[in-house]
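This chain uses plain numbering: 1 for the first residue, then up along the sequence. None of these values were measured; they are calculated from a predicted model. Note that ligands are numbered from 1 as they come in the structure, with each ligand's atoms numbered from 1 the same way.
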Amino acid sequence: MIEAVGLRKVYRLKDREVLALDNVDLHVRQGEVYGVVGQSGAGKSTLLRCVNLLERPTEGSVRVDGEDLTAMAPARLRAARRGIGMVHQHFALLSSRTVAGNVAFPLEVAGVGRTARRSRVMELLDLVGLADKARAYPAQLSGGQKQRVGIARALASEPKVLLSDEATSALDPATTESILELLRELNRELGLTILLITHEMDVIKRICDSAAIMESGAVRESGRVLDLIGTPGSLLARSLFPLPPTDAPDVVALTYPRSYDEPLMSELTRKFDVDVNVLGGAVETVSGQSVGRLNVQIRGANRDAALDYLGDKGLLVEVAA
Ligand SMILES: Nc1ncnc2c1ncn2[C@@H]1O[C@H](COP(=O)(O)OP(=O)(O)OP(=O)(O)O)[C@@H](O)[C@H]1O
């Protein structure tokens, strides 16, 4: 759905150059929620702006829905951009227009007639749960409601792809949760492909099917979230499920890359006669699977056989050095 290949972006300043993207590839499948995560300055916003060509990459190509945006003349590019919605961190609403007026704005620009516009705006407000706020002004809304307006406006031109630039960073945790829930629903119900950037690991855990970790303009790791969690040495797994340091003896870090029906820990104690003590960690639902990482102390004469057993079951077993 989104195929970016070999993206490089160099910003030329007066006295120096900044390499914001360094040979970045991105493959976002149709109908998935894809998260790009990284610290400030990693190049996430530049990547997002290069995907809809708000920023022209210095090198590389971007295809959205099979069309090469980088090769398009300006008029065709403007038309193609209507198929890509964008949601902003600070909402970017017009304060002098009502909620309905904000959502109607892209429809007006696209030349949609008044009657069709009105019914489309009400449909969109209904979709984001704001049908009763059509006549309110942005200043009368909460942050979460403003973002719902931003999302409705982004969907006005019926895009196939939604780009989200830190859509929840300015919101409190409960509101973040409800906006993420809304994005997930829109993804499922409309088949909308969502590419989001975030600095919050929790966003990846909550709604992303796939993810990329960026650092210094480059992608360090990318793929399906569950696959990455099951990959030895994964940065994503460590970032999603950080383990507190421990100096207790005989501790192993266990990564569960999927749900298990069988009670593995009690099987260990029964089959191998070892003592098992969970010291810390977290197990959470990601893409419908219970996955996580735990620090577990395993002691007894058959410890090595017990660890092999867990490895055979598909757990990642990392023995502290
Ligand atoms: N218009 C610009 N001119 C010059 N340098 C820029 C410009 N935009 C971004 N940069 C630089 O490019 C690098 C990547 O910035 P970018 O904003 O893409 O990172 P980011 O991961 O989105 O960070 P943040 O979350 O803080 O926005 C940084 O070093 C930044 O200073």
Could you list the residues that satisfy side chain to side chain contact (heavy atoms under 4.5 Å, CB included) with Glu123, not counting sequence neighbours? Arg120
Per-atom contacts of ligand 1 with Arg49, taking only distances under 4.0 Å to non-hydrogen atoms: 8 (N)
With respect to Asp65, which candidate in Lys160, Arg29, Arg82, Arg81 satisfies the salt bridge (charged side-chain N to carboxylate O under 4.0 Å, His left out) definition? Lys160
Protein contact for atom 30 (C) of ligand 1 (heavy atom, distance under 4.0 Å): no
Subset of ligand 1 atoms that lie under 4.0 Å from at least one heavy atom of Gln39: 21 (O)
Nitrogen or oxygen atoms of Ala20 and ligand 1 under 3.5 Å apart: no
How far is atom 1 (N) of ligand 1 from the closest protein heavy atom, and which atom is that? Tyr11 CE2, 3.6 Å
Given 3.5 Å as the limit, does a donor-acceptor pair link the side chain of Asp209 with the main chain of Glu32, or not? no
Can you tell me if Ser222 uses its side chain to pair, donor with acceptor, with the backbone of Ala212 under 3.5 Å? no
Distance-only, no hydrogens or angles: does the Asn102 side chain make a donor-acceptor pair with backbone N or O of Leu94 under 3.5 Å? yes
Does the protein place a non-hydrogen atom closer than 4.0 angstrom to atom 12 (O) of ligand 1? yes
What part of Met214, side chain from CB on, backbone N/CA/C/O, both or neither, has a heavy atom under 4.0 Å from ligand 1? neither
Contact atoms of ligand 1, heavy-atom distance to Lys44 under 4.0 Å: 18 (O), 19 (O), 20 (P), 21 (O), 22 (O), 23 (O), 25 (O)
Using heavy atoms and a threshold below 4.0 Å, how should the contact between Leu13 and ligand 1 be classified: side chain, backbone, both, or neither? side chain
Numbered atoms and elements of ligand 1 in range of Val18, under 4.0 angstrom, heavy atoms: 11 (C), 12 (O), 29 (O)
Shortest protein heavy-atom distance from atom 14 (C) of ligand 1, along with the residue and atom involved: Gly41 O, 3.5 Å
Can you name the atoms of ligand 1, numbered from 1 with element, that are less than 4.0 Å from a heavy atom of Ala42? 19 (O), 20 (P), 21 (O)
cation_pi(Arg258, Tyr260) dist<6.0 Å, angle<=45: yes
Cluster check Leu47, Val5: I/L/V/M/F/W/Y, side chain < 4.5 angstrom: no
Considering only non-hydrogen protein atoms, determine which one is nearest to atom 26 (O) of ligand 1 and report residue, atom name and distance to 0.1 Å. Ser40 OG, 2.5 Å
Applying the salt bridge (charged side-chain N to carboxylate O under 4.0 Å, His left out) test to Glu108, which of Arg114, Arg97, Arg153 qualifies? Arg97
List the closest protein heavy-atom neighbour of atom 22 (O) of ligand 1: residue, atom name, distance to the nearest 0.1 Å. Ser45 OG, 2.6 Å
Heavy-atom contacts under 4.0 Å between Thr46 and ligand 1: side chain, backbone, both, or neither? both
Going by heavy atoms, is Gly43 under 4.0 Å from ligand 1? yes
CD1 of Ile229 to NZ of Lys205: how many Å apart, nearest 0.5 Å? 9.0 Å
Determine all donor-acceptor pairs shorter than 3.5 Å in which one atom belongs to a side chain in residues 235-244; sequence neighbours excluded.
| residue | atom | partner | partner atom | Å |
| --- | --- | --- | --- | --- |
| Arg238 | NH2 | Glu318 | OE2 | 2.6 |
| Ser239 | OG | Leu235 | O | 2.7 |

